[in-house]
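Predicted, not measured: the structure shown is a model, and the values here were computed from it.
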Amino acid sequence: MFTPSRLSLARKRRGMSAAELARRIDMTTQTVSNWERGRQRPTEDALNVVADVLNVPKSFLSRTHIEAVGEERVSFRARTRIQAAARDAALAAATLSIELNTFIEEKFHLPRTNVPTLERPRPEMAAEYVRAK
């Protein structure tokens, strides 16, 4: 099985354009585009080469569909100054972080966090918190 969204995510995480990936695996840009859009499926040999070039396990490319974090959900300091490859790599890293967090939450029962809020800091609250320790 092959999941197009994971190929796109892995490529962007490595900061590669579709054209660069195509060049590195000796395929056409159109072929890579077709794979990412789900119009074609790569052969097993091609999938092995892609996994090697992107430095991901082949199994990563066959897991379930992954929804990428959209640009509207993040804040960049200088959105107009960041290069597309760097932006895409950051968004891909955010997507993978969410997937890792989901995995951890499903596998482990972690204690709930107990962090005091600083919305309206009051000296009494801080003193109570320190006394409790």
Side-chain angles (χ1 to χ4, degrees):
M1 186 172 151
F2 166 73
T3 310
S5 62
R6 290 194 171 265
L7 171 60
S8 179
L9 180 70
R11 175 182 60 77
K12 289 176 182 178
R13 181 64 189 112
R14 296 293 179 229
M16 284 187 209
S17 66
E20 183 178 353
L21 176 59
R23 182 183 53 74
R24 288 189 181 191
I25 63 172
D26 199 28
M27 296 278 183
T28 66
T29 304
Q30 185 64 45
T31 298
V32 172
S33 177
N34 286 339
W35 290 346
E36 288 187 358
R37 293 178 183 190
R39 293 180 184 156
Q40 289 178 321
R41 295 203 180 278
T43 64
E44 284 300 311
D45 289 341
L47 206 52
N48 288 330
V49 172
V50 167
D52 188 48
V53 167
L54 294 176
N55 195 26
V56 297
K58 188 176 157 187
S59 62
F60 175 84
L61 300 171
S62 62
R63 292 187 184 133
T64 60
H65 170 74
I66 189 166
E67 194 67 38
V69 171
E71 202 175 331
E72 69 283 351
R73 293 180 59 195
V74 297
S75 176
F76 293 102
R77 270 194 256 174
R79 187 179 300 264
T80 58
R81 301 182 102 197
I82 192 168
Q83 293 180 345
R87 179 200 63 226
D88 290 347
L91 292 171
T95 302
L96 292 170
S97 297
I98 291 170
E99 183 173 30
L100 175 62
N101 183 66
T102 302
F103 172 80
I104 291 171
E105 286 180 345
E106 289 173 356
K107 300 290 181 189
F108 303 100
H109 297 288
L110 301 175
R112 296 184 64 82
T113 58
N114 184 13
V115 179
T117 63
L118 299 176
E119 291 173 5
R120 294 181 150 224
R122 294 182 311 188
E124 308 86 47
M125 286 177 60
E128 286 176 31
Y129 180 77
V130 170
R131 281 188 214 114
K133 293 291 177 182

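- Residues Thr3 and Thr64 form no side-chain contact, since every pair of their non-hydrogen atoms from C-beta on lies 4.5 Å or further apart.
- Summarising the local packing, CG of Asp26 is surrounded by 12 or fewer heavy atoms from other residues, nucleotides or ligands at distances under 6.0 Å.
- The CG atom of Asp88 sits 11.0 Å away from the CD atom of Gln83 when rounded to the nearest 0.5 Å.
- Of all heavy-atom pairs spanning Gly15 and Ala85, the tightest one is O-CB, 3.9 Å.
- With a 4.5 Å cut-off on side-chain heavy atoms, Ile66 and Thr95 count as touching.
- In this view, Arg13 satisfies the salt bridge (charged side-chain N to carboxylate O under 4.0 Å, His left out) rule with no residue, not counting sequence neighbours.
- The salt bridge (Lys or Arg N to Asp or Glu O under 4.0 Å) pairs that include a residue from residues 99-109 are Arg6-Glu99, where partners are two or more places apart or lie in different chains.
- Between the Ser33 side chain and the Thr29 main chain, no donor and acceptor come within less than 3.5 Å of each other.
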Taking only distance into account, with no hydrogens and no angle test, what donor-acceptor pairs under 3.5 Å do side-chain atoms of residues 43-54 form with protein atoms, sequence neighbours excluded?
| residue | atom | partner | partner atom | Å |
| --- | --- | --- | --- | --- |
| Thr43 | OG1 | Ala46 | N | 3.1 |
| Glu44 | OE1 | Lys58 | NZ | 2.4 |
| Asn48 | OD1 | Lys58 | NZ | 3.3 |
| Asn48 | ND2 | Glu44 | O | 3.2 |

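- Between the side chains of Ser5 and His65, at least one donor-acceptor pair of N or O atoms lies under 3.5 Å.
- Under a hydrophobic-cluster definition in which Ile, Leu, Val, Met, Phe, Trp and Tyr are linked whenever side-chain heavy atoms come within less than 4.5 Å, directly or via other members, Leu91 and Met16 are assigned to different clusters.
- The existence of a salt bridge linking Glu20 and Arg11 is excluded, since no basic side-chain nitrogen approaches an acidic carboxylate oxygen closer than 4.0 Å.
- Remark: Gln40 pairs with Thr31, Asn34, Trp35 by the side-chain contact (heavy atoms from CB on, under 4.5 Å) rule, at least two apart or across chains.
- Note that the CZ atom of Arg41 and the CE atom of Met1 stand 7.0 Å from one another [nearest 0.5 Å].
- When the salt bridge (charged side-chain N to carboxylate O under 4.0 Å, His left out) test is applied to Arg63, no partner is found at least two apart in sequence or on another chain.
- Think of Phe103 as one node in a network of Ile, Leu, Val, Met, Phe, Trp and Tyr side chains linked at under 4.5 Å; its network also takes in Leu100, Ile104, Phe108, Leu110.
- Formation of a donor-acceptor pair under 3.5 Å by the Arg14 side chain with backbone atoms of Asn55 is found in this model.
- Val69 and Ile82 fall within a single hydrophobic cluster, where Ile, Leu, Val, Met, Phe, Trp and Tyr are joined by side-chain heavy atoms under 4.5 Å apart, directly or via other members.
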